[in-house]
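These notes concern the structure reproduced below.
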Amino acid sequence: MKALVAVKRVVDANVKVRVKADNSGVDLTNVKMSINPFCEIAVEEAVRLKEKGVVSEIVVVSIGEKKSEEQIRSALALGADRGILVETADEIGALEVAKLLKAIVEQEKPELILLGKQAIDDDSNQVGQMLGALLGAAQGTFASEVKVEAGKAVVTREIDGGLQTVELSLPAIITTDLRLNEPRYAALPNIMKARKKPLEIKSPADYGVTTGTKLKTIKVEAPAERKAGVQVKSVDELIDKLKNEAKVI
Ligand code: AMP
């Protein structure tokens with residue numbers, strides 16, 4: 001069984017982002033970039049399914065600038081077999097990403113398509129669902145457990161206040177939630193091996209997709225600064241402040 005995993009290059013989760021002075025977006029100058037954490041969980045899940053003998057090949061796809069090759073190589077070092085970079089310097093929207101993934105799925109014919117539940121740069125949470133609609137395929141979003149058995153994927157989904165288990169016929173789309181697994185670190189020999197794994201470079205035109213987006217970002221703002229805290233000397237003083245200043249108890 002083939003698995004296809006979509007990975008996005010985003011600002012590293014540990015970086016404190018700076019908003020550009022003109023509020024047009026986030027300043028990416030000299031900022032560390034990484035695989036989107038939810039995509040890393042998707043790669044890890046595919047690798048675990050390969051280790052269990054369920055999956056035989058893992059193809060990693062990224063769409064974006066040339067440097068997204070770095071994130072594909074990181075996924076290859078974690079255990080994926082080959083990569084496809086759809087290279088574009090243009091801004092690209094969720095629908096266009098989904099259209100490109102649809103074309104790749106039609107070519108590659110994977111039975112499992114794994115994505116992150118959302119990319120942490122714009123928290124869009126749309127590509128998996130759009131891809132499901134475009135392909136007419138079953139989808140299990142926000143997965144916290146995945147089992148593949150008897151030609152079906154059984155996915156436990158994290159929903160408000162509980163869990164929902166769904167059975168999907170293959171090919172199926174699974175989007176990963178935080179608790180699905182804890183991704184491994186790539187070992188140095190695997191990082192070296194990943195350099196030699198195949199990586200195809202394509203363009204959106206190869207798949208007949210026009211880049212761009214129908215969405216215009218009007219303004220990006222940093223959250224309001226938190227006020228500095230005060231240190232209290234005793235529990236009594238704390239209770240007094242909570243009662244009489246904050247008025248929360
Ligand atoms: P989003 O809907 O943009 O929050 O992203 C959800 C998931 O779609 C991500 O975790 C990736 O698996 C996939 N995805 C989004 N954008 C891209 C991209 N440019 N290249 C590859 N995968 C992407």
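We count ligands from 1, going down the list as the structure has it; atoms in each ligand are counted the same way. Just so you know, these numbers come straight off a predicted model, no measurement behind them. Every heavy atom of this structure was used, including side-chain atoms; hydrogens, water molecules and symmetry mates were not.
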Output the rest of the hydrophobic cluster of Leu135: all Ile, Leu, Val, Met, Phe, Trp and Tyr residues reachable through side-chain heavy-atom contacts under 4.5 Å, sorted by chain and number.
Leu4, Val59, Val61, Ile63, Ile84, Val86, Ile92, Val97, Leu100, Leu101, Ile104, Val105, Ile113, Leu115, Val127, Leu131, Ile173, Tyr207, Val209

Pair Glu69 + Arg73: basic N to acidic O under 4.0 Å:
no

Near ligand 1, at a heavy-atom separation below 4.0 Å: residues by chain and residue number:
Ala6, Val7, Lys8, Asn36, Cys39, Val61, Ser62, Ile63, Val97, Leu115, Gly116, Gln118, Ala119, Ser124, Asn125, Gln126, Val127

Check side-chain hydrogen bond (donor to acceptor under 3.5 Å, both in side chains) between Lys50 and all other residues, then give those that pass, not counting sequence neighbours.
Asp81

Any sub-3.5 Å donor-acceptor pair from Asn181's side-chain atoms to Glu44's backbone N or O?
no

Could I get the full list of salt bridge (Lys or Arg N to Asp or Glu O under 4.0 Å) partners for Lys243, not counting sequence neighbours?
none

So, the side chain of Lys247 versus the backbone of Asn244: is there a donor-acceptor pair under 3.5 Å, distance only?
yes

